[in-house]
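Here's the structure, in structure tokens; my notes come after.
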Amino acid sequence: MVAVAGDNQCEVVLVGCGAPKRGMGWYHAVQMIKGKCPSAKLCFIVEPWFMGAGAEGPGGPEFAEFRKETEEKEGIQFFMSVADLPPVAEGKNRLALISGRTADNPRLLTECIANGCSTIYLEKPGAPTVAELSAMRDEAKAAGATVLMGYNKNVCKYVSKAREYADANEGSHITFVSNNAYENTPESLGECFERNSEGMLKNMAIHELALLVSFFDVAVDTIEKCEADKDFSSCQTLKGPSGKDYTDFDKIKFTITTKSGKSVSVQADRCGGDVSWAAVDMDGKEVFRHSMPDEDDKANVTVLQKEYPGAMPYFFSQDPDYITVKERVASFCANGTEPTGIATIDVAVETLRVAEYLTPTLQEQLSS
């Protein structure tokens with residue numbers, strides 16, 4: 001038995017599965033295998049690390065077990081490289097969901113386009129630098145491929161509810177709060193800084209920056225001023241597991257004001273817990289807040305915790321949004337449906353430009 005795309009489905013190749021319960025790619029796979037995204041049929045998984053040099057290392061045996069089960073039960077085919085994939089099935093469109101290391105994305109995008117993928121779902125931030133992501137955008141355009149981004153907070157309930165409230169109340173101010181649940185120790189944060197060495201603004205807080213670019217007219221050219229909240233924020237230099245030093249924010253809060261007078265705030269904390277929210281203030285007082293997970297989400301989280309014990313907590317709280325983004329991208333690829341609310345690669349390029357502009361600006365403010 002081999003997995004094949006059915007009616008109104010695209011065939012999906014997942015590039016970069018990662019370790020079960022740890023890798024975002026693995027969670028994407030699980031959602032598609034469970035049929036949560038009706039327009040997506042996962043047919044292929046490309047995993048160079050765990051099928052190669054990482055096979056015996058941490059996560060390797062778990063991946064081997066996942067592969068065996070998935071091949072046997074689902075007929076999904078596993079490959080070491082994109083080049084090894086079979087040709088696209090007749091009458092079908094192929095979607096590549098790239099969920100590898102950010103540094104590998106430019107090469108992987110080229111390989112996926114060469115392999116006949118007409119749509120690419122790219123995990124944030126897309127590429128390490130603005131220059132690389134801009135080149136990827138141009139390459140895809142020239143090949144007639146569409147690149148859409150996994151910025152799931154663009155479709156999040158807590159974001160849309162806060163925006164609706166703020167739009168109805170003139171003079172209000174939104175703060176987007178993003179939290180992770182790392183332990184507040186040099187070891188835990190050092191490992192986090194090394195694994196996400198592109199830095200917090202290109203990693204954890206990039207989702208919030210994408211919201212600012214998508215909905216608040218924020219761009220490098222429109223920023224009038226950016227002010228760090230020095231009382232809240234913290235930037236540290238810590239040793240990663242390799243022994244190398246990494247400098248990054250473990251928490252940051254800042255307010256951006258645009259040249260047209262709009263202002264919006266972002267707060268991100270690596271050790272803030274696993275609830276994120278959007279708050280609306282009027283005259284300095286909080287008048288509205290919607291959290292993720294909310295009560296509906298919490299019920300879903302409880303179910304998922306039982307189903308996948310020990311998996312990364314943020315998979316569960318954002319589970320419905322991952323499904324929404326994947327389904328909209330897959331439906332676009334398979335059926336040409338408009339991918340409403342999904343960030344384009346143009347939004348991603350500007351988001352990365354904003355991250356590259358803000359990182360030194362905020363570090364300078366915190367050190368002065």
Side-chain angles (χ1 to χ4, degrees), residues 14 16-37 40 42 97-99 102 121-126 148-163 175-182 192 195-196 200 202-212 214-215 266-279 289-330 339-343 347-348 351:
L14 172 65
C17 178
K21 299 191 179 178
R22 303 286 301 170
M24 188 63 236
W26 167 81
Y27 201 67
H28 283 309
V30 163
Q31 287 188 323
M32 288 186 281
I33 289 167
K34 285 266 154 83
K36 300 280 176 77
C37 310
L42 181 59
L97 197 167
I98 300 178
S99 185
T102 303
Y121 174 125
L122 204 53
E123 279 294 5
K124 53 87 184 161
L148 296 165
M149 304 298 299
Y151 279 120
N152 59 293
K153 288 187 181 175
N154 277 34
V155 302
C156 251
K157 185 168 37 173
Y158 82 97
V159 170
S160 55
K161 289 207 178 293
R163 285 176 54 220
T175 302
F176 293 109
V177 177
S178 176
N179 287 315
N180 280 169
Y182 289 92
C192 169
R195 188 159 41 84
N196 305 298
M200 186 195 255
K202 282 190 180 182
N203 176 265
M204 174 185 175
I206 196 87
H207 283 282
E208 282 64 39
L209 297 185
L211 294 175
L212 271 48
S214 299
F215 304 125
V266 170
Q267 174 181 314
D269 187 346
R270 287 286 190 193
C271 308
D274 47 22
V275 177
S276 296
W277 67 85
R289 177 186 289 207
H290 198 100
S291 298
M292 174 190 74
D294 63 12
E295 291 312 313
D296 294 347
D297 301 331
K298 280 177 189 165
N300 186 40
V301 167
T302 308
V303 171
L304 293 167
Q305 279 169 336
K306 288 195 179 110
E307 204 173 342
Y308 309 110
M312 298 297 267
Y314 70 86
F315 291 165
F316 305 149
S317 57
Q318 300 183 43
D319 171 82
D321 306 315
Y322 295 141
I323 292 169
T324 302
V325 175
K326 268 200 298 297
E327 176 52 26
R328 286 185 191 171
V329 174
T340 313
I342 307 303
V347 166
T351 300

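Residue indices begin at 1 and follow the sequence shown. In this text, all values refer to a predicted model and were calculated from it rather than measured experimentally.
Atom CE in M24 sits 10.0 Å away from atom CG in L14 (nearest 0.5 Å). For the atom pair C192 SG and Y182 OH, the distance stands at 4.0 Å (nearest 0.5 Å). Atom OG1 of T102 sits about 8.5 Å away from atom CG of N196, to the nearest 0.5 Å. Here CD of E295 is found 9.0 Å from CG of D297. Values are rounded to the nearest 0.5 Å.
When every heavy atom of S178 is checked against every heavy atom of M204, the shortest pair comes out as O-CE, 3.2 Å. The nearest pair of heavy atoms linking M292 to S317 is CG-O, 3.7 Å. In terms of heavy-atom proximity, A278 sits nearest to Y158 at N-CD1, 3.4 Å. Across all non-hydrogen atoms, the minimal contact from A19 to W26 is O-CB, 3.9 Å. Nearest heavy atom pair, residue A40 against residue M32, reads CB-SD, 3.9 Å. Of all heavy-atom pairs between G25 and S99, the closest is N-OG, 3.3 Å.
No hydrogens or angles considered: a donor-acceptor pair under 3.5 Å links the side chains of H28 and K326. Side-chain N/O atoms of N179 and S276 include no donor and acceptor closer than 3.5 Å. Counting only N and O atoms by type, the side chains of R195 and N203 include no donor and acceptor under 3.5 Å apart.
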Report task. Dump the intermediate steps for side chain to side chain contact (heavy atoms under 4.5 Å, CB included) on V159 and N154, then the final yes or no. Result -> CA-CA 7 Å; V159 170; N154 277 34; over 6 Å; no

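Applying the side-chain contact (heavy atoms from CB on, under 4.5 Å) test to D319 and every residue at least two apart in sequence or in another chain returns Y27, Q31, N300, L304, I323. The ring pair (Phe, Tyr, Trp, His ring centres under 6.0 Å) search around F215 returns none, not counting sequence neighbours. Residues passing the side-chain contact (heavy atoms from CB on, under 4.5 Å) test with V325, sequence neighbours excluded: Y121, N152, V155, V329, I342.
V30 is not listed as a side-chain neighbour of F315, based on a closest heavy-atom distance of 4.5 Å or more. Between M200 and I206 the shortest side-chain heavy-atom distance does not fall below 4.5 Å. Looking only at side-chain heavy atoms (C-beta outward), W277 and H290 stay at 4.5 Å or farther from each other.
Salt bridge status for D294 with K157: present, with a side-chain N to carboxylate O gap under 4.0 Å.
With K153 contributing its side chain and L211 its backbone, the two residues share no donor-acceptor pair below 3.5 Å. For R328 (side chain) and T340 (main-chain N/O), a donor-acceptor pair under 3.5 Å exists by modelled atom type.
More than 12 heavy atoms of other residues, nucleotides or ligands lie within 6.0 Å of CZ in R289, so this atom counts as buried by the packing criterion.
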